[in-house]
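For ligands, and for the atoms within them, numbers begin at 1 and follow the listed sequence. These numbers were taken from a predicted model, which means no experiment stands behind them.
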Amino acid sequence: MAIEFTKYHGLGNDFILIDNRSSLTPVITPEKAIKLCDRHFGIGADGVIFALPGQKGTDYSMRIFNSDGSEPEMCGNGIRCLGVFLTELEGISRTKDFYTIHTLAGTITPQLTDDGQVKVDMGSPRLLAQEIPTTLASADSKVINLPLEVADKTWNVTCVSMGNPHCITFVDDVAAIPLETIGPKFEHHSVFPQRINTEFIQVVNRNYLKMRVWERGAGITLACGTGACASLVAGVLNDQCDRTATIELPGGCLEIEWSENDNKIYMTGPAERVFTGKF
Ligand SMILES: N[C@@H](CCC[C@H](N)C(=O)O)C(=O)O
């Protein structure tokens, strides 16, 4: 049976979106997702995202397979793409401008704004070592600016979970980081039992950060929404930035806010439809 898909991207972080609204079980396996994500022998993408029926009172659910077939809890750029994809699927019957989406990281709420962007209530960051998870500190402690040995060098890292795990390091020049060699060493470090997404951050000023990312299960990507949110939190915890900042990624910019009122993170950025097809 042919399966229809739509390709979307959020700042070059690209996904194959599949209408899976008739079942809570993804219509393809992780092995098939690996093949579809292949940039030479497949469609090419950083992951496959499924629009599933809602659970626990939400409008819809989202599941995602990384390009290596693993399943992360959340995807920030992906959920913006899903928000726009759902409006496309619903067509003229759409009655609201936001959706409640059940994810493995809890309920996330993307909202379509008047200027064509998507603003997402990403929930609250989780900071305890056991929540990341990492053994870098005792279970109930936060991991803020702690030394970590990677590739014969000591990096001062801060760990933040946005439902999925992130390890953030502040550097003088992001362009100088050898991501391809060092990224996998962070990802598979023994202190991260569920592997890790790694962000390198250069502070331009208190409201503007530059970021490069090595994603768990996907490698170098042009952008990472949860990574941008986690990096802003790390910036605040290390007194490197304010609670609102622009994060510049190789694929473009995201606006991130860590609200003092409700402790939630709000991410605003684009989601672009690329093409549709069948496989
Ligand atoms: N690119 C995504 C994150 C996707 C999941 C990540 N690779 C993981 O395994 O946690 C984003 O925009 O947040």
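In this structure, OG in S161 is found 5.5 Å from CD1 in I132, a value given to the nearest 0.5 Å.
At a threshold of 4.5 Å between non-hydrogen side-chain atoms, the residues Q202 and D173 count as touching.
Those atoms of ligand 1 that come under 4.0 Å of a heavy atom in P72, given as number and element, are 5 (C), 8 (C), 9 (O), 10 (O). Per-residue contacts place T226 under 4.0 angstrom from the following atoms of ligand 1 (heavy atoms of the residue considered): 3 (C), 11 (C), 12 (O), 13 (O).
The shortest contact between atom 12 (O) of ligand 1 and any protein heavy atom is with G225 N, 2.6 Å. For atom 3 (C) of ligand 1, the closest non-hydrogen atom of the protein is E215 OE1, 3.4 Å. For atom 2 (C) of ligand 1, the closest non-hydrogen atom on the protein side is C75 SG, 3.1 Å.
Contacts between N197 and ligand 1, counted as non-hydrogen atom pairs separated by less than 4.0 Å, involve the side chain only. Residue contacts with ligand 1, taken as heavy atom pairs separated by less than 4.0 Å, do not involve M162 at all. Residue contacts with ligand 1 for N77 involve both N, CA, C or O and side-chain atoms from C-beta outward (heavy atoms, distance under 4.0 Å). Contact annotation for N164 and ligand 1: only side-chain heavy atoms (C-beta onward) come within less than 4.0 Å of the ligand.
The shortest heavy-atom contact between I182 and A151 is CD1-CB, 4.2 Å.
A donor-acceptor contact shorter than 3.5 Å links the side chain of S124 to the backbone of N263. Side-chain atoms of D68 come within 3.5 Å of backbone N or O of S70 as a donor-acceptor pair.
Polar contact check, G76 against ligand 1: a nitrogen or oxygen pair lies under 3.5 Å apart.
In this structure, T221 does not count as a contact residue of ligand 1, since none of its heavy atoms falls inside 4.0 Å of the ligand. For the pair C224 and ligand 1, a heavy-atom separation below 4.0 Å is found.
Environment of NZ in K7: crowded, with over 12 heavy atoms of neighbouring residues, nucleotides or ligands closer than 6.0 Å.
For residues 36-60, the pairs satisfying ring pair (Phe, Tyr, Trp, His ring centres under 6.0 Å) are F50-F65, Y60-Y99, with sequence neighbours left out.
For an aromatic pair to be called close, the ring centres must be under 6.0 Å apart, and W155 with F170 fails this.
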